[in-house]
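Single-structure report; data block below.
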Protein chains: 2
Amino acid sequence: MRAMSPPVGLPVLAESDLVRQVARRLTDAIVQGRLAPGAKVAEAAVARELGISRAPVREAARLLESQGLLRASPRRGFFVRELSARDVDELYDLRLCVERHAAVEAARRLTPSLRDALRRQLALMRELARRDDPVAIVEADYQFHRLVCEAAGNARLLRLFDGLASELRIVIGLIGRLYDDPEEIARTHEPVLEAIEAGHPERIVAHIDHHIGVARREVGRLVQSLTPTIPEIP
Amino acid sequence: MRAMSPPVGLPVLAESDLVRQVARRLTDAIVQGRLAPGAKVAEAAVARELGISRAPVREAARLLESQGLLRASPRRGFFVRELSARDVDELYDLRLCVERHAAVEAARRLTPSLRDALRRQLALMRELARRDDPVAIVEADYQFHRLVCEAAGNARLLRLFDGLASELRIVIGLIGRLYDDPEEIARTHEPVLEAIEAGHPERIVAHIDHHIGVARREVGRLVQSLTPTIPEIP
DNA sequence: TAGGCGTCGATTGTCGACACTTTTGGCTTG
DNA sequence: CAAGCCAAAAGTGTCGACAATCGACGCCTA
């Protein structure tokens, strides 16, 4: 007999609003790497594990599909999205596009409380880097960028950023350690914040470009090492 | 060599995927203005009308919700999204952000066939403007911008653009005539294409900004006139 | 022995049903 | 006559069931 349901221990859910809860749990499982890229997400298995019926699971899967976390294969089910090097390229292109805009906009609207929030986040990153906590660093990194997008004051932009980040986390979640030198990644954020505080669009864009370029190379390298020439079947 | 199915060009069968079909029908109804903003989309009614059960309708509705076309109110159902002036602002902010990037990228990758496609689309717009076909003008306008995004060679960017365009069509679909002067809207596209062909990023951005600014004002004006101080009930 | 074919189990796509909630419409009451 | 309340109706959230389809395994054939 073949191993059926994933061995991921998911607690049984309470009633009402099951779809969102299922979507969240599946998202967590994916971005945390417990559901690997390419893994099948069988509705029946998930439903059994959560103690619910298949209907809410299906709806949640559709949601995640539209977010790019799952891939739907008609009559065959849902699978965790596999990201090629090209996918990562596309995602970072969009991140660049979105975060440039967000940072410039954030600078225009910067309030003292927003500025303080960004400073605190940066301080947290430095602290985590000093303590060499690679998992927390990645999370803090993400939160810093999210704060910038939040500061831009465009709810849709924030949702867009969240979507891009989720997809990238499919690959980032596969490893605990994203950066060789955590201190460096904390340092590369400093000029970004400085540029935002100073409010020079050109400098903001330049530093964002540099910083995201670094992350892009890291993740690109990672994807290379993870996909040892898997032939694509179109 | 992989000897698979013969290269005989057989069309893929129309999968009996009800969810996509329902999603498409609902989308069409919304962007064509047959379903007005705020209108209730009752699953049971839609299912009855289409002669199917509620399950596929629910899944389709979830899809449209994640695309921003519908709004879900727990235990009360789905409603066509109502766009405030602020929503339109957000959408145009993102359009600006996305299309600047797309145009610059399109210029970098411009091939003769792409260039010709853009020229043909522009010629079509001029022709439609001359014939004063306001509905077709809006569609051709959309297609021109979509081509630019397609030319950027980033599938996600294109999907993103489609999503923004869909949402905007909620309001645009309410009227047949978007622009006072169709000829003008055709003319404002010309410098955009010229800048892309010339490949000057600054000029591209400048012209995109100007052109989208025009559309933004038009739609903004429209939204103002459509929402005569409707009190928001959160 | 390698490759194609048919059968079987497993899973998806869709459906109808049931409980509970919200809305509607009428009736009572101040 | 308006406001409030109660009951009926409609609609959502969820479930279990059934047919259609896919993948895997084993068998048959060349």
Interatomic distance where [atom1] belongs to [X] and [atom2] belongs to [N] [whole Å]:
X: B/Leu18; N: D/dA20; atom1: CG; atom2: C1'; value: 13 Å
X: B/Arg75; N: D/dG13; atom1: CZ; atom2: P; value: 6 Å
X: A/Asp17; N: D/dT12; atom1: CG; atom2: C1'; value: 13 Å
X: A/Glu43; N: C/dT14; atom1: CD; atom2: P; value: 11 Å
X: B/Arg58; N: D/dC15; atom1: CZ; atom2: C1'; value: 12 Å

Check: Quick one: which of D/dT14, D/dG11, D/dT21 gets closest to the side chain of A/Ser53?
Finding: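 For A/Ser53, the side-chain atoms sit closest to D/dT14.
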
Note to self: What's the closest nucleotide to the side chain of B/Ile52 if the choices are D/dT14, D/dT12, C/dC15?
What the structure shows: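 In terms of side-chain proximity for B/Ile52, the closest of D/dT14, D/dT12, C/dC15 is C/dC15.
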
Notebook entry, point to check: When you check the side-chain N and O atoms of B/Asp162 and B/Tyr142, is any donor under 3.5 Å from an acceptor?
Noted result: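 Short answer, yes.
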
Checklist line | 5' priority, DNA chain C, between B/Arg54 and B/Glu59 [closest heavy atom] | finding: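 Residue closer to the 5' terminus by nearest nucleotide: B/Glu59.
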
Note to self: If you define the side chain from C-beta out and look only at heavy atoms, does anything of A/Phe78 sit under 4.5 Å from A/Glu43?
What the structure shows: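 Yes, side chains in contact.
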
Note to self: Any side-chain N or O of A/Lys40 below 4.0 angstrom from OP1/OP2 of D/dG23?
What the structure shows: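 No, no such contact exists.
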
Next item on the list: Using a cut-off of strictly less than 4.0 Å, decide whether A/Arg76 has a side-chain nitrogen or oxygen near OP1 or OP2 of C/dT11.
Entry: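 For C/dT11, neither OP1 nor OP2 has a side-chain N or O of A/Arg76 closer than 4.0 Å.
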
Checklist line | Whichever of B/Ala55 and B/Arg48 has its nearest DNA chain D nucleotide further upstream toward 5' | finding: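 It is B/Arg48, whose closest nucleotide lies nearer the 5' terminus.
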
Notebook entry, point to check: Taking A/Arg95 for the side chain and A/Leu164 for the main chain, is one N or O donor matched with an acceptor at less than 3.5 Å?
Noted result: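 Flag not set: sc A/Arg95 to bb A/Leu164 has no pair under 3.5 Å.
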
Margin query: Applying the side-chain hydrogen bond (donor to acceptor under 3.5 Å, both in side chains) criterion to B/Gln143, which one of B/His145, B/Glu139, B/Arg146 satisfies it?
Written below: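 Testing each of B/His145, B/Glu139, B/Arg146 against B/Gln143, the sole residue satisfying side-chain hydrogen bond (donor to acceptor under 3.5 Å, both in side chains) is B/Glu139.
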
